[in-house]
Asks: 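Please see the structure below; I have some questions.
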Amino acid sequence: MGKLDLKNVISILLLILHYTVFVASHSTEEAFALLKWRTSLENTLHSNLSSWPVLPENLSNSSPSTRPCNWLGISCNRAGSIVQINLTNADLKGKLQELSFPSFPNLAYLDFSVNELYGIIPPEIGQLSKLIYLDLSTNRLSGTIPREISLLTNLQTLHIVENQLNGAIPEAIGHLNSLSDLALYTNQLEGPIPASIGKLSNLSDLYLYENKLSGSIPPEIGNLSNLVVLYIDTNNLIGPIPATLGNLTNLKVLSLFNNQISGSIPREIGNLQNLNNLSLHTNQLSGSIPESFGGLTSLTQLHLHLNNLSSHISPELGNMTSLDDLEVSQNKLNGPIPPSFGNLRKLQFLYLRENKLSGSIPQEISNLTNLSVLEAFVQVNLSKLNCQQQPFERSYSKSLRNCTSFVRLRLDGNQFTGNISEVFGDYPSLDFIDLSGNKFHGELSSNWGRCCQLATLKIADNNISGRIPPELGNAARLQTLDLSSNGLEETIPKELGNLTSLSKLILSNNKLSEAIPIEMGSLTNLEYLDLSRNRINLLIPANVKNFQKLHFLNLSNNQFSEKIPAEMGMLVHLSQLDLSYNHFSGDIPAELSNLQDIELLNISHNNLTGKIPASFEQLRGLQYVDLSNNELVGPVPNSKAFQEAELEGNMGLCGNVTGLLLCGTSKEHKSGKPINILNIVLPVVGAASLLYQEGSSNKGSDTDGEELVIISVIDGKTMYEEIIQATNNFDDMYCIGKVEQENIVAVKKFHSLDLGDILGQKGFQNEIRALTEIRHRNIVKLHGFCSHPLHSFLVFEFLQRGSLAKILQNNETARELDWDKRLNVIQGVSRALYYLHHECTPPIVHRDLSANNILLDSDYEAHVSDFGTAKLLNRDSTNWTSLAGTYGYIAPELAYTNKITEKCDVYSFGVLALEVIKGSHPGNMLSSMPENVKMVLKDVLDQRLSAPFPGVKRNWCPS
């Protein structure tokens, strides 16, 4: 090796010195940029950057504290220049604009995710030419994605998820040729998906879900041959699914659900043999499920529910042998369930409900031994199979007997037939089964007693005969037993007394006879007992007092005799008691006045004598009383419930009640006997002709058994006759058309309220009692009512815009209901609730506050309606009651406590307020939200409206 001359040595030393000075100088610039940005942050003292040095007045190259390579979250190359900034979840709060991006020429990795950075993404970020990884996720960044981001041609990963970005995805994003991972989900991005995305040939992961993207799916996505996952669900996409998606042969996840995609499913999707997850549900897809899906042998999840798919289910679907979750419910599928489904050995979840499927349940279904949930509710022919196995009909007998791994099974509401004793076997894992509403016949098998995990057994409304098997008493975990509306005979087996966990027992509408077994007194957890419409006779056992949790008891339409046991007065939580249509005799026990939670009391059509106990006046929660057709005498208790009670058929009663003599007088009524009164109360002046129009369809439906008919205001004296005559006894062909007069009212018609329709009578009476005593601008006004055995109806003010639910369901009317109007609706409902809870004595709990029961007038003023389930609170009582209300609005605690307070309405009000903001019912959004997660208002705003102005925001979210 030759010797270096002095000149060369000096040159090398000078070069090293120059490079060292350059690197030191640049390192100082990077440190200065970071420290300067740190000073702009709002919570520096509390963030993870508190370990960084304070920005000095003069940076020194030799100062260790100013060497950023040693700082938290900072990494440098060998030359000392910053190549990585990783400050994820560092409690940073401030703006990105304050950071000098040009100061970091060698930066390759930048992660600011999970902080509180806000403001825009500065265009200068495009100067980080060596950047490979960029993550700004889970912040509060707003504005648009800068076009300059397309300059980052070395970028491989781009994550800007869970922010508040708006505007369109830049078309120039197609310049990021190195990009393999693009995630922009959960923002407010709008406009179309740029076709240029199809140029990102290295892209393997694309996440665009939960935005406001519109337009159709660009066919160019089919060029992304390396794509593995594609999530573009939960947007506003329309148009068809491009057939070019069938080119993505490496795809494992295709998620397009919750859009407005229409047309048929391309058969080319069947080419994606590596696909594991395919979710196309909640769209407007039509046509059939492609036979080519049989080639998706790697598919584990297929979700096609909530579409308009029709035709038969192709047998080829049985080739998807890796499938463990198949959901095709709520479509228009018809025909039988293919026997090939028996090949789906890994299937755990099968949802087929609300279709038009028919035919028998294939025996091959018995192969599905892993099935844990099967729902096959098919609207017309099938039902809701919620569990471990199958649809059935005739040829299912063996298929169900072999499914010993059943956990939950629902077949209710179908037309399945067959001998029930041949269909079902032993299910050691079964905890729920509902076979109600079918046509099963035969006798119940003793095998049900061997279902040791069974908690719910419902086989109501079938053609079951024979006796209740005593072995059923061995199902020790049974909590609900419903065998009503069958042809069961003989006695109630005493072995049912072993079911000490039982809370609900319904054996009504059978042919059971003899006595209630004394052993049933051990059912101390019983809350609901219905033995009505049988042939049970003899005495009610005195140990009925053991049912201390009971809130519903119906023994009507039997052959009970002797006295009503005084021990019934110990059932202090009872809210409904029906002993009507029996042979009870003697006095009404005064002990029943201890039932302070009682709402409904029906002891009509018996042989009761003596007086009505005066202590009954203290039953403040009582809403419906029927003592008719007995032999009672003396004064009627002086309370509202008894003033409006059904009392006819008791010749000796007296009091200040319509149709009765005043007590202490001997003057007979004109007719010589008590009369039935046609109650017509209509406080309006003048008469007008009833207007109707044949063939129109303005009749609405409120709830089951009720119809809404709009009429013009007429004289109360002729109201009943004219309504009946003009509508031909409320024939469907006679409805109201367009009416030009001002005095329009709404008539809510109840179907005939016969003596057996206790709930219908109670709802009718409830609504009258509540609305005749309250007056508030945000509560619907009752003009009058008519009570008649054939036609009973309430006459209300007519509110032009109808229900809030219908307004929100229609895109056009929902847009008219802008943020100011929605705020006014919520305020109106809150005022009505405050009035009911705090200004009424006793307080009134509505119990069914929902969007269907909020009516709007022409000025969008809210009016609370439908008080059929309302309850007057007794402050000296626990106010136990049966469950009432609309699913999705009921307070969760009510489902298991059955205790009514004002809080039940408050919970419903919260759901309603969220529904008004969101534009649709929140569904499971609240219950599925993880704890300690803050809800951001923009995430739940109705997307059909533009963002609220600042003034509106302040009104909705006051400081």
Side-chain angles (χ1 to χ4, degrees), residues 420-421 433 435-436 440 442-451 454-562 564-565 567-568 571 574 576-584:
I420 197 166
S421 62
I433 185 167
L435 309 177
S436 303
F440 291 118
E443 299 186 4
L444 295 176
S445 169
S446 61
N447 288 339
W448 290 114
R450 300 167 64 178
C451 298
L454 194 61
T456 297
L457 174 59
K458 295 183 179 182
I459 318 181
D461 193 16
N462 277 279
N463 299 318
I464 310 302
S465 58
R467 64 172 186 166
I468 299 173
E471 292 83 359
L472 198 56
N474 297 326
R477 296 193 178 186
L478 206 60
Q479 299 175 24
T480 297
L481 175 60
D482 186 355
L483 304 176
S484 60
S485 298
N486 282 290
L488 296 170
E489 300 174 322
E490 299 187 22
T491 62
I492 300 173
K494 65 181 181 180
E495 288 80 4
L496 294 190
N498 298 330
L499 304 177
T500 54
S501 296
L502 205 63
S503 63
K504 195 169 189 177
L505 175 60
I506 307 176
L507 303 177
S508 58
N509 199 19
N510 280 288
K511 300 177 183 179
L512 301 171
S513 59
E514 298 188 27
I516 297 176
I518 194 72
E519 288 82 2
M520 286 184 63
S522 61
L523 305 181
T524 55
N525 286 304
L526 209 57
E527 299 176 5
Y528 191 106
L529 176 59
D530 190 350
L531 304 178
S532 62
R533 298 183 183 275
N534 278 288
R535 302 169 182 174
I536 305 172
N537 52 31
L538 302 179
L539 299 173
I540 296 177
N543 64 359
V544 69
K545 65 183 179 181
N546 296 345
F547 302 154
Q548 289 293 298
K549 295 182 179 181
L550 206 64
H551 63 77
F552 180 98
L553 176 59
N554 190 347
L555 303 178
S556 65
N557 290 276
N558 276 288
Q559 300 174 14
F560 289 109
S561 58
E562 303 297 333
I564 297 174
E567 288 81 1
M568 278 193 172
L571 306 180
L574 209 58
Q576 296 190 35
L577 174 61
D578 191 348
L579 304 176
S580 62
Y581 290 91
N582 277 288
H583 305 300
F584 290 114

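Just so it is clear, the values below take in all heavy atoms, side chains as well, and ignore hydrogens, waters and symmetry mates. Here the structure is a predicted model, which means the values were calculated and not measured.
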Asks: Ignoring hydrogens, what is the shortest heavy-atom contact between Ser445 and Pro469? Give both atom names and the distance.
Replies: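 Residues Ser445 and Pro469, closest heavy atoms: O-CG, 3.7 Å.
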Asks: Let me confirm one number: the CG-NZ distance from Leu523 to Lys549, rounded to the nearest 0.5 Å.
Replies: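 Separation between the atoms: 12.0 Å.
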Asks: Can you confirm whether Thr524 sits close enough to Gln548 that some side-chain heavy atom of one is under 4.5 Å from a side-chain heavy atom of the other?
Replies: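 SC-SC contact between Thr524 and Gln548 ruled out.
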Asks: Who pairs with Asn554 by side-chain hydrogen bond (donor to acceptor under 3.5 Å, both in side chains), at least two apart in sequence or on another chain?
Replies: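 With neighbours one apart ignored, the set is Ser556.
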Asks: Please report the interatomic distance OG1(Thr500) to CG(Leu478), rounded to the nearest 0.5 Å.
Replies: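 Here the interatomic distance stands at 10.5 Å.
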Asks: Using a 4.5 Å cut-off on heavy atoms from C-beta on, say whether the side chain of Gln559 contacts that of His583.
Replies: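 The answer is yes, as the side chains (C-beta and beyond) meet within the 4.5 Å cut-off.
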Asks: Measuring from atom CD1 of Ile518 to atom NZ of Lys494, what distance do you get when rounded to the nearest 0.5 angstrom?
Replies: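 Answer for the CD1-NZ pair, Ile518 versus Lys494, is 12.5 Å.
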Asks: What are the two closest non-hydrogen atoms of Asn582 and Leu555, and how far apart are they?
Replies: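 Asn582 and Leu555 have their closest heavy atoms at ND2-O, 3.1 Å.
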Asks: Could you measure the distance from the CG atom of Leu499 to the CG atom of Leu481? Nearest 0.5 Å is fine.
Replies: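 Between Leu499 CG and Leu481 CG, I get 7.5 Å after rounding to 0.5 Å.
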Asks: Given side chains that start at C-beta, do those of Leu444 and Leu483 come closer than 4.5 Å, heavy atoms only?
Replies: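 Leu444 reaches Leu483 side chain to side chain.
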Asks: Is a side-chain donor or acceptor of Asp578 paired with a backbone partner of Ser580 at a separation under 3.5 angstrom?
Replies: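 Yes: the side chain of Asp578 pairs with the backbone of Ser580.
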Asks: What heavy-atom pair brings Ile459 and Ile464 nearest, and what distance separates the two atoms?
Replies: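 So the minimum-distance heavy-atom pair works out to CG2-CG1, 4.4 Å.
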Asks: Determine yes or no for a side-chain-to-main-chain donor-acceptor pair under 3.5 angstrom, with Asn525 supplying the side chain and Leu502 the backbone.
Replies: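 Such a contact is absent between Asn525 side chain and Leu502 backbone.
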Asks: Please check: side-chain N/O of Asn537 versus main-chain N/O of Phe560, any donor-acceptor pairing under 3.5 Å?
Replies: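 Flag not set: sc Asn537 to bb Phe560 has no pair under 3.5 Å.
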Asks: Keeping Asn486 on the side-chain end and Asn462 on the backbone end, is there a donor-acceptor pair under 3.5 Å?
Replies: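 Side chain of Asn486 to backbone of Asn462: a pair is present.
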Asks: His551 vs Tyr528 aromatic rings, parallel, tilted or perpendicular, using cut-offs 30° and 60°?
Replies: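 Rings of His551 and Tyr528: perpendicular, over 60°.
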Asks: Could you name each residue pair satisfying side-chain hydrogen bond (donor to acceptor under 3.5 Å, both in side chains) that touches residues 508-519, not counting sequence neighbours?
Replies: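 Checked against side-chain hydrogen bond (donor to acceptor under 3.5 Å, both in side chains) - neighbours excluded - the pairs reaching residues 508-519 are Ser485-Asn509.
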Asks: Nearest heavy-atom pair of Ser501 and Ala476: which atoms, and what distance?
Replies: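 The pair with the smallest heavy-atom distance is OG-O, 3.7 Å.
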Asks: Would you indicate whether the side-chain heavy atoms of Leu577 and Leu571 approach each other to under 4.5 Å?
Replies: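 They are not in contact (no side-chain heavy atoms under 4.5 Å apart), so the answer is no.
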Asks: Tell me the closest heavy-atom pair linking Arg535 and Asn558, and the distance in Å.
Replies: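 Residues Arg535 and Asn558, closest heavy atoms: N-OD1, 3.3 Å.
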Asks: For the residue pair Phe584 and Ile540, establish whether any side-chain heavy-atom pair is separated by less than 4.5 Å.
Replies: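 They are in contact (side-chain heavy atoms under 4.5 Å apart), so the answer is yes.
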Asks: What's the separation between atom CG in Leu496 and atom CG in Leu507, rounded to the nearest 0.5 Å?
Replies: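 If I round to the nearest 0.5 Å, the distance is 7.0 Å.
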Asks: Could you tell me the separation between the CG atom of Leu579 and the CE atom of Met568, rounded to the nearest 0.5 Å?
Replies: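 Atom-to-atom, Leu579:CG and Met568:CE are 5.0 Å apart.
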Asks: If I compare all heavy atoms of Leu512 with all of Asn534, which pair ends up nearest, and what's the gap?
Replies: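 In this case the closest contact between Leu512 and Asn534 is N-OD1, 3.0 Å.
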